[in-house]
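Each chain gets a letter, A, B and so on, in the order the sequences are listed, and its residues count up from 1.
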Amino acid sequence: MAESQTDESTQTAEPSVSARPIPYRFDPDTDSAALRETYGDIEDGTETGVKATIAGRLMLRRVQGKLAFGTLQDSGGRIQLFAPSKVTPEFDDFCGLSLGDWIGVSGEVMKTRKGELSVKVESWSLLAPTRRPFPDKFHGLSDQDMRYRQRYVDLWVTPESRDVFVTRSRVMSLTRRWLESEHNFIEVETPMFHPIPGGAAARPFTTHHNALDQEFFLRIAPELYLKRLVAGGLERVFEIGRVFRNEGISTRHNPEFTMLELYQAYADYSDIMELVENLVAYLANEIRGTTKLTYDGREMDVAAPWRRASMVDLIEEATGQRVDLTMDRSALEALADRYGVEVKPEYGHGKLILEIYEKAVEPELWGPVFVTDYPVEVSPLSRQHRENPGFTERFEAVVAGRELCNAFTELVDPDDQRARFEDQVRQREAGDDEAMVVDEDYLRALEYGLPPTGGLGIGMDRLVMLLCDVPTIRDVVLFPTLRPEQTD
RNA sequence: GCCCCUGUGGCGCAGUCUGGUUAGCGCAGUGGACUUUUAAUCCAUUGGUCCUGGGUUCGAAUCCCAGCGGGGGUACCA
């Protein structure tokens, strides 16, 4: 809701200050963190003789007649400004600065008698006035909606918020470096506009290209393109990028989110499990300094190796009953019923087993654990298990009670893949609007030959949530999807 | 989709159950005092269609109905 004109004018800073000329550039030579690091230990009440130039936002102000203190916040944190009227030019204007104004300051690094490391304001310039009042200097923003909509304010007044996004950036960077340097992957970029949605079970967004007069789908996964590249001889590829799914919004779902997918020629899902546990342990060590993580008040150790357990074994653990694909359907339905699964007639044994797993096992899993060997029926892109007919070499990792990734030994046989696609089409015709459609070009790529390949998809947003111990995906997405703000 | 909670000056909150006439408090803003403060302090002060629209009532921020926004849960979601 927009404020009225009068509201803004009454809240505007002093004209004498806001009318100051704004320089075109400014040259900070350090920041608050570096100053603390270098001079944090000097004696109370001493001066260093060293001059520093810093810039940031004025967050607090304490004017005391002929002496003023300020608190400047920059990307390194906060540092005090010490401004005696005899030293600071245009002292009255300096005291008239608004909380939230951007300023640049030069002067001697010193420590006050009370022991606060400070920069003496020997010169200063206004870099940008704030024309809107900043939130409460102590309480900050409590309205979550406003934090998400006005991230440019939230980042200043909610330090944890800024920390999360800096960490997120590090996670992305570390992941890339680890894959490239330690594992010889190359990063590629594949289309976001897909003529056929594929690679996942999800409803897509649609869009339209005018010149081609062609409908496109925003990608729900890069999977099929990445495997085309492995068929093309790029043996280890990964992509970190946005995918789009037309689904509900929740604490774990944002319609656009960031996925890491990677494909490794000649590998199978066991290789991928090792890669996942090593990557997560590496990131935990780099980010948290330990593999012993706390999430939502509960602890877990993500050090490799993680437990591996097949879906049917886990079902047996939880329910005491062994399930398989040849058992009597009525017995399977009875078990499904016991756990509140809504049994639909089109469900085969495989789908029922997955549903039972999700209801009976998953809510109790904390992890880290690899849940392996999903039924073929629910895994249209995974290769048949080498020992268990009707199952696939597929796994999901559950960490902190949440699905973190999905991976498998890739299905490389074009005939089998065609049959799976056709089965998906039947499911679609039966009313499942998230079932896949046939991708003839992808089948053509398989016909040219895809070597044995292991593949992986990780939701990077959820990984960051885990590493930062935050409860909602909106806290790790800078601008989460929201209903557009009403302007009038 | 369903259920629960919520909406009061720029920000953080009280007041709502038990309706009562000038809607409070803190911060920010404005004016003043103050040369070691650090959520500075002290004095004074500006600013509010109490989300919107109906209704009940002598009287509604408060009770009722509807709508809109927000949060959480659940369903859905590999």
When both hydrogen-bonding distances must be under 3.5 Å and the geometry is Watson-Crick or G-U wobble, what is [N] paired with, if anything?
N: B:U74; result: B:G1
N: B:U41; result: B:A33
N: B:G69; result: B:U6
N: B:C58; result: B:G20
N: B:U46; result: none
N: B:C11; result: B:G26

For [N] and [M], measure between their [atom1] atoms and round to the nearest Å.
N: B:A60; M: B:C51; atom1: P; answer: 15 Å
N: B:A66; M: B:C2; atom1: P; answer: 13 Å
N: B:U21; M: B:U62; atom1: C1'; answer: 14 Å

Using a 4.0 Å heavy-atom cut-off across all strands, classify [X] as base, sugar-phosphate, or nothing.
X: A:S379; result: nothing
X: A:E396; result: sugar-phosphate
X: A:E434; result: sugar-phosphate
X: A:Y374; result: nothing
X: A:Q80; result: base

>> Would A:R418 and A:F421 count as a cation-pi pair here, with the cationic atom under 6.0 angstrom from the ring centre and within 45° of the axis?
In response: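 No.
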Produce the list of close N/O pairs, under 3.5 Å, pairing protein atoms with atoms of nucleotides 12-15 of chain B; give distances to one decimal.
unit_1 : atom_1 : unit_2 : atom_2 : d
B:G12  : OP1    : A:S142 : N      : 3.2
B:G12  : OP1    : A:S142 : OG     : 3.3
B:G12  : OP1    : A:D143 : N      : 3.3
B:G12  : O3'    : A:S142 : OG     : 3.3
B:C13  : OP2    : A:S142 : OG     : 2.7

> Which parts of residues 56-70 of chain A get close to RNA chain B, meaning a heavy atom less than 4.0 angstrom away?
Replying inline: A:L60, A:R61, A:R62, A:V63, A:Q64, A:G65, A:K66, A:L67, A:F69
Name all residues meeting the salt bridge (Lys or Arg N to Asp or Glu O under 4.0 Å) criterion together with [X]; count only those two or more places apart in sequence or in a different chain, and write none if there are none.
X: A:D416; result: A:R420
X: A:D41; result: none
X: A:E108; result: A:K120
X: A:D136; result: none

> Can you list the residues that meet the side chain to side chain donor-acceptor pair (under 3.5 Å) rule with A:E256, with sequence neighbours excluded?
Replying inline: A:R242
> By side chain to side chain donor-acceptor pair (under 3.5 Å), which residues pair with A:E90, not counting sequence neighbours?
Replying inline: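 Side chain to side chain donor-acceptor pair (under 3.5 Å) check on A:E90 returns A:R20.
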Which donor-acceptor pairs under 3.5 Å do the side chains of residues 388-407 of chain A make with protein atoms, sequence neighbours left out?
unit_1 : atom_1 : unit_2 : atom_2 : d
A:T392 : OG1    : A:Y374 : O      : 2.9
A:E393 : OE1    : A:R386 : NH2    : 2.9
A:E393 : OE1    : A:T409 : OG1    : 2.8
A:E393 : OE2    : A:R386 : N      : 3.2
A:E393 : OE2    : A:R386 : NE     : 2.5
A:E393 : OE2    : A:R386 : NH2    : 3.3
A:R394 : NE     : A:N406 : OD1    : 3.0
A:R394 : NH1    : A:V378 : O      : 3.0
A:R394 : NH1    : A:S379 : OG     : 2.9
A:R394 : NH2    : A:E396 : OE2    : 3.1
A:E396 : OE1    : A:Y374 : OH     : 3.4
A:R402 : NH1    : A:Y295 : OH     : 3.2

>> Which label fits A:Y269 and A:H385: parallel for a plane angle under 30°, tilted from 30 to 60°, or perpendicular past 60°?
In response: perpendicular
Quick check for you: among [options], whose closest atom lies nearest to any side-chain atom of [X]?
X: A:L99; options: B:C11, B:A28, B:G72; answer: B:A28
X: A:R474; options: B:A40, B:G71, B:A78; answer: B:G71
X: A:R149; options: B:A28, B:U36, B:G69; answer: B:G69
X: A:D145; options: B:A78, B:G70, B:C11; answer: B:G70
X: A:P380; options: B:A39, B:G72, B:A78; answer: B:A78

> Taking the six-membered ring for Trp, is the centroid-to-centroid distance between A:Y148 and A:F479 below 6.0 Å?
Replying inline: no
Between the protein and nucleotides 4-8 of chain B, list every N/O to N/O distance that falls short of 3.5 Å.
none

>> For residues 367-380 of chain A, which residue pairs pass the salt bridge (Lys or Arg N to Asp or Glu O under 4.0 Å) check, not counting sequence neighbours?
In response: none
> Closer than 4.0 Å, any side-chain N/O of A:K137 to the OP1 or OP2 of B:A39?
Replying inline: no
> Which residues pass the ring-ring contact (aromatic ring centres under 6.0 Å, His included) test with A:Y263, sequence neighbours left out?
Replying inline: none
